[in-house]
Visitor: 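Quick one: the structure is below, questions incoming.
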Amino acid sequence: MQFTKMHGLGNNYIFFNLLDMPMEDQDFEQLARTVSNVNTGIGSDGIILICPSEMADFKMRIFNEDGSEGKNCGNGLRCVAKYLFDHMYATSTDFSIETLGGIVHVKVEPDKKRIVRSVTIDMGKPKLTKGMIPMKGDPEAQTINELLTIGKHSFPVTCVSMGNPHAILFVDNIDTFPLEEIGPEIEYSDLFPERVNLGIVHVKSRQEIYYRVWERGSGLTMACGTGACAAVVAATLNHLVDQYIPITVHLPGGQLTISLDENDHVWKKGGAAYICHGELVMER
Ligand SMILES: N[C@H](CCC[C@H](N)C(=O)O)C(=O)O
């Protein structure tokens, strides 16, 4: 099986192009666990499938390192958009990609040699009700700066879905916050029936935030595109950043520019890069 390894700000995935290479009855959850493991496979935060779609121009499926299928992946979408344009599957710079979390619209920005250096994505509207996150509680209620007791800790949490679930904490000690300890406690809390991605945020100014993530199904990663979007939505809901202007989000792997428009759509701009192409042998 041919694969391409790519990353968005260090959040790296193994991509399989199913547009020309259908992989019938493949156990993608097991494939993700094996391929993501650096000892038995290639090593990555998960795998991403590029598929045909009946609802959009293309379809993306993402499986985390633990094999769980994610409903969206912001960094993965920029990599998929770059791959599709660079490999001439996308003939226009603007096209749509179906995800389990909904259809997004992408715009690639190629340089003079037709190489994509940056991708802008309309990630659609965030979902804020507990029923849509999903999380326990009144399905119509929102979780904005709500004190949640998880394990032996209590935190003020804001929850946002970008098609996939995010819990956002605002902290002053973003570099020393014990994310490896608290992350799994919140990820596996019974408050979140489909688990949750945990993001911690330090607000530097009304136009600039810092963000680190413990990803559902992958743990600590260098970046999370949907998480960066959720962080800006949460900061806006808590009146910590200005509205309707581009917010710079600093992640361990680099920067993204995120903005909310007057129709509540979240826009994300950032890079994507190839690491390698190869042939997966997978001897038993
Ligand atoms: N772990 C996420 C999927 C990957 C999201 C992240 N890598 C991004 O760039 O948005 C989930 O299961 O909801």
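Atoms within a ligand are numbered from 1 in the order they appear, just like the ligands themselves.
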Visitor: Can you confirm whether L260 sits close enough to V233 that some side-chain heavy atom of one is under 4.5 Å from a side-chain heavy atom of the other?
Guide: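 Side chain of L260 against side chain of V233, heavy atoms only: contact under 4.5 Å found.
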Visitor: Can you list the ligand 1 atoms lying under 4.0 Å from a non-hydrogen atom of G74?
Guide: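 Per the distance check, 8 (C), 9 (O), 10 (O).
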Visitor: When you measure from the heavy atoms of S218 to every atom of ligand 1, does any distance fall below 4.0 Å?
Guide: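 No, S218 has no heavy atom closer than 4.0 Å to ligand 1.
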Visitor: Indicate, as side chain, backbone, both or neither, the part of I62 found under 4.0 angstrom from ligand 1 when only non-hydrogen atoms are considered.
Guide: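 Side chain only; the backbone of I62 stays clear of ligand 1.
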Visitor: Would G225 count as a polar contact of ligand 1, with the cut-off being nitrogen or oxygen pairs under 3.5 Å?
Guide: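 Such a contact does occur with ligand 1.
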Visitor: For F95 and F58, I'd like to know if the aromatic rings sit close, meaning centre-to-centre distance below 6.0 Å.
Guide: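 So the answer is yes for these two rings.
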Visitor: Ligand 1 versus N75, non-hydrogen atoms closer than 4.0 Å: side chain, backbone, both, neither?
Guide: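 For N75, backbone and side-chain atoms both sit under 4.0 Å from ligand 1.
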Visitor: Return yes when G217 approaches ligand 1 closer than 4.0 angstrom through a heavy atom, no otherwise.
Guide: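 G217 does not count as a contact of ligand 1 under the 4.0 Å cut-off.
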Visitor: Considering both backbone and side-chain atoms of Y13, is one of its nitrogen or oxygen atoms within less than 3.5 Å of a nitrogen or oxygen in ligand 1?
Guide: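 Yes: some nitrogen or oxygen of Y13 is under 3.5 Å from one in ligand 1.
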Visitor: Who's closest to atom 13 (O) of ligand 1 heavy-atom-wise, of L251, N197, L77?
Guide: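 Answer by nearest heavy atom: N197.
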Visitor: Check the angle between the aromatic planes of Y210 and H202 and answer parallel, tilted or perpendicular using the 30° and 60° thresholds.
Guide: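 Plane angle between 30° and 60°, so tilted.
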Visitor: Taking 4.0 angstrom as the limit and counting only heavy atoms of T226, give me the atoms of ligand 1 inside it, by number and element.
Guide: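 Near T226, the atoms of ligand 1 are 5 (C), 8 (C), 10 (O).
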Visitor: Could you find the nearest protein heavy atom to atom 4 (C) of ligand 1 and give me its residue, atom name and distance?
Guide: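 The closest heavy atom on the protein side is E215 OE1, 3.2 Å.
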Visitor: Check ligand 1 against N72 and write out every atom of the ligand that is under 4.0 Å from a heavy-atom position of the residue.
Guide: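 So the atoms of ligand 1 that pass are 3 (C), 4 (C), 5 (C).
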Visitor: Is the NZ or CZ atom of R216 positioned over Y188's six-membered ring, under 6.0 angstrom from the centre and within 45° of the axis?
Guide: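 R216 over Y188 ring: no.
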Visitor: Anything under 30° is parallel, anything over 60° is perpendicular, the rest tilted; go ahead and classify F63 against F28.
Guide: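 Ring orientation, 0 to 90° scale: tilted.
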Visitor: Mind checking whether H277 and Y274 have parallel, tilted or perpendicular rings, split at 30° and 60°?
Guide: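 H277 vs Y274 ring planes: tilted.
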Visitor: Name the one of N64, N75, N11, T221 that satisfies side-chain hydrogen bond (donor to acceptor under 3.5 Å, both in side chains) with D45?
Guide: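 Answer after filtering N64, N75, N11, T221: N11.
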Visitor: With side chain to side chain contact (heavy atoms under 4.5 Å, CB included) as the test, would you mind laying out the steps for I209 and K204 before giving the verdict?
Guide: CA-CA 5 Å; I209 66 175; K204 182 138 185 323; over 6 Å; no
